[in-house]
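Written out below as C-alpha cells is the structure these notes cover.
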Amino acid sequence: MPQPEKSIIFDKVEVVIDGQAVLRPLSLRLTERRIGLIGANGSGKSSFIRLINGLLPPSAGHISVDGLALPRDKAAVRRKVGFVFQNPDMQIIQPTVAEDIAFGLHNLRRPKAEIAARVGAIMAEYGLTPFADSPARILSGGQKQLLALCGVLIMQPEIIVLDEPTTQLDLRHKNRMANLLRTLPQRLIIVTHDMALLAGFDRVLVMDKGQIIYDGTPPQSIVFYEELIKARP
Amino acid sequence: MLCRPPAFFFNLAPSIKLAALFALSFILFFIDNIVILAGLAAAPIIIYRLAGFSVGSLGRCLFPAAILALLLFLFQFFATDFAAAGRAALRLFALLGFAAAVTATTANSALLAALERALRVLAPFGLKPRQTALALALTLRFMPLTRQIWHDIRAAQQARGGAQSLARLGLLISLWLSRLVTMQEDIAQAIEARGFDDEEREDS
Amino acid sequence: MTIRDIAAIALFAAFITALGFVPPVFVPFFPAVPLSLHSMGPILAGACLGAKRGFYAVALFWILLLAGLAFAGGSTGPAAFMGPMGGYIGGFGLAALITGLAYYYWPHPIIAQEFLFMAVGGIIALYAAGIAWLIFLTKISLTQALWLNAIFLPGDSAKIILCIFIRRRLYRSAPHAFRV
C-alpha cells in the first residue's frame, strides 16, 4: 500500500534504558495534522516524542519522518521538526531575546542580514520587540514560552512537537498559548495534561507504562484516560 | 581644562586598550624612578577626569586592592626601606588604575566580543570558535539563574531556621550544584533540537 | 567536545562566577579570618568535569572576569588579574587541572586521597601561583608571603573537606553528570 508522503513512521521501535523498558515495541504511523498524547507521569510520553527528532535514539526499530530516516538524516529531520520543551527557562539558551530567536538560523548558517530581518519580523508579530536586547530573566513565564516558540517558528519547521507547553503557565498564558497553537499552520504533536488544549484535534493517543493503550478521537481518548485514572487506587 | 573630547577613550578599540594595558604592565616593572612611577600612578586619575568620571568612582574600584596594598606597603616599609615600599605601592596603583580605566571606558559586551575574537587564534589548536561562543553565551545566560537558585536555596534554609554551620553550608552548596547538573541535560537537548552541530567524538 | 560537555562546562563556569558574588563566611573555629568560597568552584569543576573540561570552565570565568562581568577578590576587569589577587585567580586554572588529573588517575579514592588531591590542587598549587604573583608585584619576601597565606590555611582546609563531601553527595545523586 503506498504510504502518504507526510507521515511519521515508527517500525517496531523500543527504548530500553539501564535495563528498564521505557517504551515497549510499538509500530505506528502519524499522518494527522493535530495529534495529542496524554498519559500519567512516567508513562513514556516524553521519551516517545523525543524519538521524533532524534533526541533519544531507539534501542531497536526504525523511525522515519516524511521519508527521512533517523539517525541517518538527523540534521534534515531537525530542520523539519521543531521542539518546544516543558520548562521555558531550560530552552532559552542565549543571553538576550533577539539572540535566542536567532540561534537556530545561525546554526543554519543563514546570512546576517536575513537573520536580522526574520528575527525582527517574528518579534514584531508576537510582541517581543520591546524585549529584543533584554535578558530572558525579565520575561514572565508565558513570555518565555512564547520566546521559545518563536525560536522554533523562525526555523520554519513543518512539524512542531511540544512537550507539555502549558504546564508551567498561569491560566491567562495557558489560554493565549492554546489560541496561538490553534492558528499555527504546521502539523502539531502535543504532549499535555491540559485536556482543553486537545479540542478540535484529529487524534489523541493514550500512553501508559511505555505503551500506547488507546488511540482515538479526543473525546474517546479523554474518556478512556479519565476512566483509567479513576480505576487506579 | 579638557584637551580631548571624552569620547576618545570610549571609542578606542577594546583590543588596543587591552594591548596597551598589557604593554604598560610589562614596562612598569622595569621603571625604578619614583617620580616617573608617581606620574604613572596619577595618570589614571587624569584619564578618569578626561573621560567624564569622578575620582571617587576610581577610588571605589581600587578600594579592595588598596587595603591589601596598604598591608603590603607596611610589610615592605618595615622590612626594607621607604623608597622600595613607595615604588611597590606606586606600581600597584598605576597598574590597577589603568586597568580600572580600561574597564570604565569599555562596554562589557565590547570587551567580551574582543576577547571572543582573540580566542579565534586558538582555532588551529582545536578550540572551535562556534563552541567557544556557545559556551560563553550559555554561561552569560545562566549566570543570573545560577545566582537566583543560590538565593532561593539559602532563603529556604533560613526559613527553616537552625544554627549556621559549615556542614549546613556544604549541604546548601551540594543542593545548588545538584540543581545545576539537573539542568545540563535539558539545556543540552534544547541546543541539540535547534540544530547545533553535535560532534560526538572521543576527546583528543 | 559534545553538546553535553559544553552545557556542563558553561554551568560550572556560571557556578564559579556566581561563587564570586557570595560574601565570605566566618568559620566558627577561626573567626578572625573570613573564608571566601570562591576557590571551591575550580576545585569542584576539576573534580566533577575532569582536568580539561574543568579548566575550560575556569577559562570561561576568566573571560567574563576580564570583560567586567564577574568578580574575584572584590575586583573586576583586568584589575582583578593585575592586582594582588591575580595570582590566585590564575591559580584557579591549576586547581581545576590538578584536581581533575588526580581523579582521572585514581578514580575511586578514599577520603584521605581525595583530601590530598584537593590540597595539592586547591591549596598548594593555588597558593604557589598566588604567592609568585604577589612577590613579583610587591617585592615582599617569600617568608612574608608564606606567613600572609598561612592565616588562610585552616579555612581552606575546611573548604576542602566541604568539597569532598559535596562531590561525594553529587556523585551519589547524579553519577551521569561526571565526566572525569
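In what follows, chains carry the letters A, B, and so on, assigned in the order in which the sequence lines appear, proteins first and then strands, with residues in each chain numbered from 1.
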Going by heavy atoms in the side chains, are A:V152 and A:L162 under 4.5 Å from each other?
->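 When only atoms from C-beta onward are counted, A:L162 and A:V152 do not touch, as no gap falls below 4.5 Å.
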With a 4.5 angstrom heavy-atom cut-off, which part of [X] approaches chain B: side chain, backbone, both or neither?
{"X": "A:I92", "result": "both"}
{"X": "A:F103", "result": "both"}
{"X": "A:R79", "result": "neither"}

Are the side chain of B:R91 and the backbone of B:I31 linked by a donor-acceptor contact shorter than 3.5 Å?
->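 Between the backbone of B:I31 and the side chain of B:R91 there is a qualifying donor-acceptor contact (under 3.5 Å).
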May I ask you to decide if A:F85's main-chain N or O and A:Q91's side chain share a donor-acceptor pair within less than 3.5 Å?
->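 Confirmed, A:Q91 side chain pairs with A:F85 backbone.
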Select, from A:V77, A:L56, A:D100, the one with the greatest count of heavy-atom pairs under 4.5 Å involving chain B.
->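 Top option by heavy-atom pairs under 4.5 Å: A:D100.
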Residue selection (most heavy-atom pairs with chain B, distance under 4.5 Å) from A:E99, A:H106, A:R137 |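 Most heavy-atom pairs under 4.5 Å with chain B: A:R137.
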CD of A:Q20: more than 12 outside heavy atoms within 6.0 angstrom?
->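 Result for CD/A:Q20: open.
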A:R118 atom CZ: more than 12 heavy-atom contacts under 6.0 Å =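 Yes, because the 6.0 Å sphere around CZ of A:R118 holds more than 12 heavy atoms from other groups.
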Check whether B:L136 gets within reach of chain A through its side chain, its backbone, both or neither, counting any heavy atom under 4.5 Å.
->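 Contact with chain A is absent: no heavy atom of B:L136 under 4.5 Å.
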